[in-house]
Number of protein chains: 2
Amino acid sequence: MDKNLSWYKKLFEKNGYKFTAQKRIILLEIINANTHLSVNEIYDKIRQKNIGLATVYRSLKLFNELDIIKQINIDTVSYYEMKIFSGKPLNIHFKCSKCDSIIDIDNKDLNLEYIKLNKKVEEENNLDVYDVNIMLIGVCSKCKEDK
Amino acid sequence: MDKNLSWYKKLFEKNGYKFTAQKRIILLEIINANTHLSVNEIYDKIRQKNIGLATVYRSLKLFNELDIIKQINIDTVSYYEMKIFSGKPLNIHFKCSKCDSIIDIDNKDLNLEYIKLNKKVEEENNLDVYDVNIMLIGVCSKCKEDK
DNA sequence: CTTGATGCAAAGGATTTGCACAAAT
DNA sequence: ATTTGTGCAAATCCTTTGCATCAAG
């Protein structure tokens, strides 16, 4: 087991949960995907391993609670992705309203600018902001071409 | 009927839909709320008028199609609010993770800055962006106090 | 009279829960 | 042993759909 997984194992146990084979498999899928996944996408990848849908839901709920994944809701469908701290403070998602594809937008400069804006919101409204979801809607480059 | 409502009536009829009493009642609730409403919040306000839940869903779907309302999804719950063009190009929502309240954040300067950032995203990724949903998550001022 | 709209109830889809059994400490 | 986790099926919640009827043009 590599270093990272044992880190997660410790986190689970510290909070009174067991790091079972099922949770390990589900977590690895999300880590390896490196993008957002829906419950069904996760379930499809692991269904041959005899893991029930309810277990997927329960694991995701737990991961969320422990703050290791992030849930993104797009048109009533939920997607999940890892929270990664270094160099990727937040993820911006773009949805094409023509082809419905969802694109991850990741750009350090942009992220920094968004963070500055968040600071401003915090100050002006007396809030603590610790997470942001930004969802852009429009037409992607492919759909701009074929019209 | 005031000017605004007759504008909506025309919009509906131009698109082959009737401006019924039910749609009028539902639309007025959203206009008067001046904030985001869930389907249940809308339904509760009008249920005494003998309007079915299905009609609420159908009307919201239609309003969305005609682009007069905007749908916001927060943790699998959908909220609806008017799209207002003048001076309110976008709405930023903040959700307190302690008390679950949702606060509308509206500030012209902030909106302008966000729009600049969106331009940057458009250019760098060759996209057309025409709508943005920004959702901040954190702790509200009330919950910051009572701890 | 023709077309779209409505209310109701049934259907559908996503998510959660109850329960008996299995696994881990 | 005790506690937590799992798979399955049933239950629940939100949303959509089918159908008979109603209303508007």
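A, B, ... follow the sequence lines: proteins, then strands. Residue 1 opens every chain.
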Set of residues satisfying side chain to side chain contact (heavy atoms under 4.5 Å, CB included) with respect to [X], sequence neighbours excluded:
X	answer
B:T76	A:Q71, A:N73, A:S78
B:I25	B:I46, B:K49, B:I51
B:K120	A:L110, A:E113, B:E124
B:N15	B:L11, B:Y17, B:L66

Item to check | Boundaries of the chain A footprint along DNA chain C (any atom under 4.0 Å from a heavy atom) | outcome: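 Using the under 4.0 Å cut-off, the span is C:dA14 to C:dA24.
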Next on the checklist: Show every ring pair (Phe, Tyr, Trp, His ring centres under 6.0 Å) that has at least one partner inside residues 37-65 of chain A, sequence neighbours left out.
Outcome noted: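 Sorted result for residues 37-65 of chain A: A:F12-A:F63.
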Can you measure [X] atom [atom1] to [N] atom [atom2] for me and round it to whole angstrom units?
X	N	atom1	atom2	value
A:R24	D:dG5	CZ	P	17 Å
A:N73	D:dC14	CG	C1'	14 Å
A:Q22	D:dC8	CD	P	11 Å
B:Y43	D:dC13	OH	C1'	15 Å

Checklist entry - Under the ring-ring contact (aromatic ring centres under 6.0 Å, His included) test, which residues partner B:H93, sequence neighbours left out? => result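 For B:H93 the ring-ring contact (aromatic ring centres under 6.0 Å, His included) partners, ignoring immediate neighbours, are B:H36.
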Checklist entry - Do we see a donor-acceptor contact under 3.5 Å between the side chains of A:S97 and B:Y130? => result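 On atom types as modelled, these side chains qualify, holding a pair under 3.5 Å.
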Next on the checklist: Going by the rule side-chain hydrogen bond (donor to acceptor under 3.5 Å, both in side chains), which residues pair with A:K45 if we only count those two or more places apart in sequence or in a different chain?
Outcome noted: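 Once residues adjacent in sequence are excluded, A:K45 has no partner under the side-chain hydrogen bond (donor to acceptor under 3.5 Å, both in side chains) criterion.
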Item to check | B:V56 or B:G16, whichever maps to the more 5' nucleotide of DNA chain C | outcome: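 Residue closer to the 5' terminus by nearest nucleotide: B:G16.
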Item to check | Residue whose closest nucleotide on DNA chain C lies nearer the 5' end, B:K49 versus B:T76 | outcome: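 Looking at the nearest nucleotide for each, B:K49 comes out on the 5' side.
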Sort me out a list of protein N/O and nucleotides 16-25 of chain D N/O pairs below 3.5 Å, or just none if empty.
from: D:dG18; atom 1: O6; to: B:R58; atom 2: NH1; distance (Å): 3.4

